Amino acid sequence: MFINKQHPTPVTHFFTGGPLTRFSLLLTQSPLANQSFASALQFAKAALAQGFTIEQIFLYEEAVLAAATAIDLPTDEPNLAATLAQFCQQQQIALLYCITAAEKRGVQADTSGHYIAAGLAEFAMRLANTKLVQF
């Protein structure tokens, strides 16, 4: 993601639209392996600050590991999955994970209510009238 002085936030660089613009975010990488969760959080916060709406965040492929209950991170590592879940709960953003991808990976999903099990069909239906951004 490109950020510079002319475009201080990732949202203004990506899209300049009206305040009614709605985004759907698609995460496909593991929350443990790279920067995608941090980038998605930064994007979502910047979008909301500028008056945009985040309709949903969908976890697919390796990103479904975020919904796992059995992951125990060392205390010196940031838990980006938990941070994302808290953010979505505070902002009332639907946080969905692909149930099929989770089952393929043996993920026992968090039942605390932060995550919503969904299929690709539900994700696709929720995409109506939104701009999709993949991380």
Side-chain angles (χ1 to χ4, degrees):
M1 190 171 299
F2 179 73
I3 301 173
N4 68 22
K5 292 179 184 175
Q6 292 176 332
H7 303 286
T9 65
V11 176
T12 56
H13 173 72
F14 176 78
F15 181 79
T16 53
L20 300 178
T21 300
R22 298 171 28 207
F23 290 101
S24 289
L25 307 184
L26 172 63
L27 283 76
T28 59
Q29 302 297 313
S30 169
L32 310 173
N34 64 38
Q35 197 66 21
S36 64
F37 273 67
S39 296
L41 270 166
Q42 180 183 10
F43 180 91
K45 288 176 182 179
L48 293 176
Q50 292 184 22
F52 298 109
T53 301
I54 305 295
E55 183 70 25
Q56 67 177 332
I57 297 176
F58 188 73
L59 308 176
Y60 187 57
E61 295 174 350
E62 296 300 316
V64 298
L65 294 174
T69 56
I71 294 178
D72 187 22
L73 293 175
T75 56
D76 64 338
E77 289 187 30
N79 189 340
L80 295 174
T83 304
L84 179 66
Q86 290 168 351
F87 174 77
C88 287
Q89 187 175 32
Q90 291 169 348
Q91 300 298 324
Q92 299 179 339
I93 298 169
L95 180 55
L96 299 94
Y97 70 95
C98 179
I99 188 70
T100 304
E103 288 174 354
K104 284 182 180 179
R105 288 160 180 81
V107 172
Q108 295 288 327
D110 180 355
T111 57
S112 67
H114 295 314
Y115 299 93
I116 302 166
L120 287 175
E122 182 175 346
F123 171 60
M125 288 175 25
R126 289 173 169 253
L127 286 175
N129 300 315
T130 67
K131 308 289 183 191
L132 178 63
V133 182
Q134 181 177 351
F135 293 90

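If you're wondering where the values come from, they're calculated on a predicted model, not measured in any experiment.
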In this structure, NZ of Lys131 is separated from OG1 of Thr53 (nearest 0.5 Å) by 13.0 Å

Rounded to the nearest 0.5 angstrom, the CD-CG distance for Gln35 and Leu80 is 7.5 Å

Which heavy atom of Val107 sits nearest to which heavy atom of Ala67, and what is that distance? CG1-C, 4.2 Å

Could you measure the distance from the CG atom of Asn129 to the OG1 atom of Thr21? Nearest 0.5 Å is fine. 11.0 Å

Sequence neighbours excluded, the answer for side chain to side chain donor-acceptor pair (under 3.5 Å) partners of Thr130 is Ser24

Tyr60: which of Leu120, Leu27, Thr100 passes side-chain contact (heavy atoms from CB on, under 4.5 Å): Leu120

Tabulate below the donor-acceptor pairs under 3.5 Å that side-chain atoms of residues 86-96 make, not counting sequence neighbours, or state none.
residue: Gln89; atom: OE1; partner: His114; partner atom: ND1; Å: 3.4

Among residues two or more places apart or on two chains, list those pairs meeting salt bridge (Lys or Arg N to Asp or Glu O under 4.0 Å) that have a residue in residues 25-36. none

Could you measure the distance from the CD1 atom of Ile99 to the CD atom of Glu122? Nearest 0.5 Å is fine. 11.0 Å

Least distance between heavy atoms, Ala101 atom then Arg105 atom: O-NH1, 3.1 Å

What pairs of residues pass the salt bridge (Lys or Arg N to Asp or Glu O under 4.0 Å) test when at least one of them lies in residues 79-101, not counting sequence neighbours? none

To the nearest 0.5 angstrom, please state how far the CG atom of Leu48 sits from the CZ atom of Phe43. 9.5 Å

Kindly give the heavy-atom pair with the smallest separation between Leu65 and Ser30, and that separation in Å. CD1-OG, 3.8 Å

Tell me the closest heavy-atom pair linking Ala66 and Leu59, and the distance in Å. CB-CD1, 3.9 Å

Testing the basics here: between Phe37 and Ala63, what is the closest heavy-atom pair and its distance to 0.1 Å? CZ-O, 3.9 Å

Has the side chain of Tyr97 got a donor or acceptor atom that lies under 3.5 Å from a matching backbone atom of Ala68? no

Mind jotting down which residue pairs meet the salt bridge (Lys or Arg N to Asp or Glu O under 4.0 Å) criterion with at least one end in residues 20-42? Sequence neighbours excluded, please. Arg22-Glu55

For Phe123, give me all partners under ring pair (Phe, Tyr, Trp, His ring centres under 6.0 Å), at least two apart in sequence or on another chain. Phe58

Taking all non-hydrogen atoms of both residues, which atom of Leu84 and which atom of Ile57 are closest, and how far apart? CD1-CD1, 3.7 Å

